[in-house]
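Along the sequence shown, the residues carry numbers beginning at 1. Counting starts at 1 for both ligands and their atoms, in listed order.
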Amino acid sequence: MPKLMLALDVLDRDEALKIVEDVKDYVDAIKVGYPLVLSAGLKIVEEIKKLCNKEVICDFKVADIPATNEKIAKITLKYADGIIVHGFVGEDSVKAVQDVAKELNKKVIMVTEMSHPGAVQFMQPIADKLAEMAKKLKVDAIVAPSTRPERLKEIKEIAKLPVITPGVGAQGGKVEDIINILDENDYVIVGRAIYLSENPKEAAKKYKEMLNKG
Ligand code: O7E
């Protein structure tokens, strides 16, 4: 059964912590990105971890030269359990982050093909190559889309690595369309369908149960 990762893209610290408190029994990991960190500061990661004792991943989709990637990774991984990087910038840029992560025993997760419609324009044509690179570099996991289950399957088969898959819920992806592709090392990311729900706790419970049934 795949795990559930909450994408906590709210803009207010107190709201974020309230949602974490509500859903902590049903989510396995929490992903924070620019919306929350630029609003509340990177220390929000520490606060979330203290509150729920779950893995917290920083989704900064790091995509710079190796020297700059290294700096970003050092600051981020002081707090977070893992960091998300782009692969299209090339092996050296990803390796720079991996070197930092290895020293700190943290995770590096690499994007292959994104979940939004525009990803077919430039990312899809190179996504298989990115999956091969992820395999070669032995990153800890890759990102591939729930909105295109056939691509999720193909990319997972190429990389043979754990997958973190966004697109379920607000972007139209459905648990039943991806559940058979995934295993217990994979994560399904759900954001708005939980945190914008009238009852985030019930929504998280519902997704957790759907993943368990699969
Ligand atoms: O659509 P939602 O609200 O369920 O949120 C999805 C989250 O996953 C959101 O934080 C978005 O930035 C992220 N995401 C995608 O939606 N598509 C992608 O291709 C990649 C990501 C992402 O998180 O990348 C790293 C895992």
Side-chain angles (χ1 to χ4, degrees), residues 2-11 15-16 19-20 23 26-40 44-45 48 55-63 72-73 76 80-89 94 97 101 106-127 130-131 134 139-152 154-156 159 161-175 177-178 182 185-197 200 203-204 206-208 210-211:
K3 290 173 266 196
L4 180 60
M5 181 180 287
L6 171 69
L8 191 54
D9 295 324
V10 297
L11 303 182
E15 187 188 356
I19 292 166
V20 170
V23 305
Y26 304 108
V27 305
D28 302 288
I30 294 177
K31 184 178 84 69
V32 299
Y34 293 119
L36 183 56
V37 170
L38 292 177
S39 307
I44 189 75
V45 172
I48 293 169
E55 196 176 32
V56 178
I57 303 295
C58 274
D59 176 10
F60 293 160
K61 298 192 182 70
V62 184
I72 296 168
T76 306
D81 299 297
I83 184 165
I84 294 171
V85 302
H86 267 304
F88 66 77
V89 274
V94 177
V97 178
K106 302 285 174 91
K107 289 185 182 175
V108 178
I109 299 153
M110 202 195 94
V111 179
T112 60
E113 181 173 317
M114 293 183 72
S115 58
H116 61 306
V120 303
Q121 196 175 5
F122 298 117
M123 297 198 83
Q124 192 173 77
I126 60 162
L130 290 173
V139 297
D140 297 284
I142 54 165
V143 179
S146 286
T147 46
R148 282 174 232 109
E150 72 294 348
R151 291 294 296 146
L152 173 64
E154 283 164 6
I155 290 167
K156 187 172 160 63
L161 290 168
V163 174
I164 296 190
T165 182
V168 163
Q171 296 180 53
K174 293 192 171 55
V175 169
D177 294 338
I178 55 163
L182 303 174
N185 298 313
D186 301 326
Y187 289 81
V188 174
I189 299 175
V190 183
R192 285 165 288 178
I194 293 177
Y195 69 74
L196 289 184
S197 148
K206 183 190 90 182
Y207 277 105
K208 186 70 181 158
M210 281 196 272
L211 295 177

> Using salt bridge (Lys or Arg N to Asp or Glu O under 4.0 Å) as the criterion, list what pairs up with Lys107, not counting sequence neighbours.
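Checked Lys107 against salt bridge (Lys or Arg N to Asp or Glu O under 4.0 Å); matches are Glu55.
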> Looking at Val163, is its backbone amide N or carbonyl O close enough to the side chain of Asp186 to form a donor-acceptor pair, meaning the two atoms are under 3.5 Å apart?
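Side chain of Asp186 to backbone of Val163, a donor-acceptor pair under 3.5 Å: yes, one is there.
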> So, do Tyr34 and Phe60 have ring centers that fall under 6.0 Å from each other?
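For Tyr34 and Phe60, the ring centres are under 6.0 Å apart.
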> Could you tell me which residues satisfy side chain to side chain contact (heavy atoms under 4.5 Å, CB included) with Leu196, sequence neighbours excluded, listed by chain and number?
Arg192
> I'd like the contact residues of ligand 1, where contact means a heavy atom below 4.0 Å.
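Contacts of ligand 1 under 4.0 Å: Ala7, Asp9, Lys31, Asp59, Lys61, Ile84, Met114, Ser115, Val143, Pro166, Val168, Gln171, Ile189, Val190, Gly191, Arg192.
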> Please name all residues satisfying side chain to side chain contact (heavy atoms under 4.5 Å, CB included) with Thr147, sequence neighbours left out, ordered by chain then number.
Ser115, Pro145, Gln171
> Would you confirm whether Thr112, through its side chain, and Val143, through its main-chain N or O, come within 3.5 Å as a donor-acceptor pair?
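Indeed, once roles are kept as given, a pair shorter than 3.5 Å links the two residues.
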